[in-house]
2 protein chains.
Amino acid sequence: MNKMHKEHNLTKNQKIIFDLIDKSSQPLKAYSILYNVQKKGIKAPLQVYRALDKLVEIGKIHKIESRNAFIACHNSSCQVAKATAFSICEICEKVTEISSAGLSKYLANFKDKDGMKYSKYNLEFFGLCKKCTLK
Amino acid sequence: MNKMHKEHNLTKNQKIIFDLIDKSSQPLKAYSILYNVQKKGIKAPLQVYRALDKLVEIGKIHKIESRNAFIACHNSSCQVAKATAFSICEICEKVTEISSAGLSKYLANFKDKDGMKYSKYNLEFFGLCKKCTLK
DNA sequence: TACATAGTGTTATATTATAACAACTAAAAA
DNA sequence: TTTTTAGTTGTTATAATATAACACTATGTA
Ligand SMILES: [Zn+2]
Ligand SMILES: [Zn+2]
Ligand SMILES: [Zn+2]
Ligand SMILES: [Zn+2]
């Protein structure tokens, strides 16, 4: 069976956990994931964290650092595991992955004072989502 | 006594903890701070976290989200508490606050697909610092 | 003074994450 | 096929990070 670019054969635990995150409309926290997959035989935190680590590594999910939560990648899984940007609503906690060619390009090419370029970044914007702005 | 713009009279605990962070060459973690200020009478995690929360709020320090660690602000304390950018070395863990007018401007004006602007952001770049690049 | 606001000290507890080790599985090398 | 290897699993225990709740104290302001 020939693997396509970026295709990863998830293991059982990885698949269970990815499916849960992927179906969720908001980021999920590790222990909430644990609670939700216990009926499927995943009993310990470490089983969850191991799957999360792997899924992050291969770019199927991203960690929202300011929230200690995990969201499925929606940028075609994900050319940019190393270059992530999110908007986070400070009221309802809705999180959206930003996919902007302009932004990616700007940040990928950003050099600091010393002329140093970076291999990876994570950007989190905070504000109010549309819904919460109208309230 | 008239307060100047951005001047904050730190309380005893806030001052102890700010001084420690300010003197440190790298970001400090909450429990390492606790350990280091116990001789000064700060005995419990909550005393540390309360001071940290306040110092973050007024922009004297920033939290490095991906590291759960705290660093003193070096952008004149800090016009940009709500707009932070750091570079993080993935080998030696050195963290530097980036102060780039171009970057600030770009991000402050960034609008997503829906034309939404954000009131706040945090950006963390990862790579190798100069020293570690040469090794 | 009286009141409000913020900070303190304390104990207990919640939440997030990793260490250590034995066992299993799949794939690839011999 | 057997052997080896790398990766994953299941498990118990524990480390690291962060907050709840409550009584009390300081400080500024009306
Ligand atoms: Zn993505
Ligand atoms: Zn919202
Ligand atoms: Zn700053
Ligand atoms: Zn370095």
Side-chain angles (χ1 to χ4, degrees), chain A residues 1-3 7-21 24 26-71 93 95 122 124, chain B residues 1-4 7-21 24 26-71 88 93 95 122 124:
Chain A
M1 188 184 181
N2 71 328
K3 287 187 190 174
E7 176 123 344
H8 289 275
N9 299 312
L10 301 184
T11 65
K12 185 172 125 274
N13 288 1
Q14 287 161 12
K15 188 154 184 5
I16 290 169
I17 286 170
F18 175 71
D19 286 345
L20 182 69
I21 296 172
S24 170
Q26 83 264 52
L28 297 179
K29 310 196 122 208
Y31 277 72
S32 133
I33 292 168
L34 175 58
Y35 178 81
N36 277 284
V37 297
Q38 279 181 328
K39 66 198 90 170
K40 301 206 170 167
I42 295 177
K43 288 175 192 160
L46 201 42
Q47 295 174 282
V48 173
Y49 279 103
R50 285 197 283 225
L52 290 174
D53 286 350
K54 188 68 185 183
L55 292 168
V56 166
E57 186 193 323
I58 65 181
K60 300 282 285 181
I61 65 173
H62 304 302
K63 182 174 186 181
I64 311 300
E65 293 286 356
S66 65
R67 299 299 188 261
N68 300 315
F70 300 85
I71 191 175
E93 293 291 322
V95 173
N122 179 56
E124 299 182 2
Chain B
M1 185 182 183
N2 72 327
K3 287 188 192 174
M4 301 187 56
E7 175 123 345
H8 289 274
N9 301 310
L10 301 184
T11 65
K12 184 172 127 275
N13 288 1
Q14 287 161 13
K15 189 154 182 8
I16 291 169
I17 286 170
F18 175 71
D19 286 346
L20 182 69
I21 296 172
S24 170
Q26 84 261 53
L28 297 179
K29 309 197 124 206
Y31 277 73
S32 135
I33 292 169
L34 175 58
Y35 179 80
N36 278 284
V37 296
Q38 278 180 329
K39 65 199 89 168
K40 302 208 168 166
I42 294 176
K43 290 175 191 159
L46 201 40
Q47 296 175 280
V48 173
Y49 279 104
R50 284 197 283 224
L52 290 174
D53 285 350
K54 188 66 185 185
L55 291 167
V56 166
E57 187 193 322
I58 65 181
K60 300 282 285 181
I61 66 173
H62 303 302
K63 181 172 186 181
I64 310 300
E65 292 288 355
S66 66
R67 299 298 187 261
N68 299 315
F70 299 86
I71 192 176
I88 303 172
E93 293 290 322
V95 173
N122 179 58
E124 299 181 4

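Numbers restart at 1 for each chain; the letters A, B, ... are given by sequence-line order, proteins then strands.
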Nucleotide-resolved protein contact map, nucleotides 12-30 of chain D, B/S/- at heavy-atom distance under 4.0 Å:
B----BBBBB---------
Between [N] atom [atom2] and [X] atom [atom1], what is the distance in whole Å?
X	N	atom1	atom2	result
A/I42	D/dT9	CD1	C1'	10 Å
B/K54	C/dA6	NZ	C1'	8 Å
B/N9	C/dA6	CG	P	14 Å
B/K40	C/dT8	NZ	P	15 Å
A/I33	C/dT16	CD1	C1'	12 Å
A/N13	D/dG7	CG	P	17 Å
B/L34	C/dT10	CG	P	13 Å

Is any side-chain N or O of A/K43 closer than 4.0 Å to OP1 or OP2 of D/dG10?
no
Under 4.0 angstrom between A/T11 side-chain N/O and D/dT9 OP1 or OP2:
yes
Who passes side-chain contact (heavy atoms from CB on, under 4.5 Å) against [X], sequence neighbours left out?
X	result
B/I21	B/I17, B/L28, B/I33, B/L52, B/I61, B/F70, B/A72
A/K12	A/I16
A/S66	A/I64, A/I88, A/E124, A/F126, B/E65

For the side chain of B/Q47, counting heavy atoms from C-beta on, which of D/dG10, C/dG9, D/dT8 is nearest?
C/dG9
From CG (B/L10) to NZ (B/K60), nearest 0.5 Å:
5.5 Å
Across all chains, not counting sequence neighbours, the side-chain hydrogen bond (donor to acceptor under 3.5 Å, both in side chains) partners of B/Q38 are none
Residues in side-chain hydrogen bond (donor to acceptor under 3.5 Å, both in side chains) contact with B/D53, at least two apart in sequence or another chain:
none
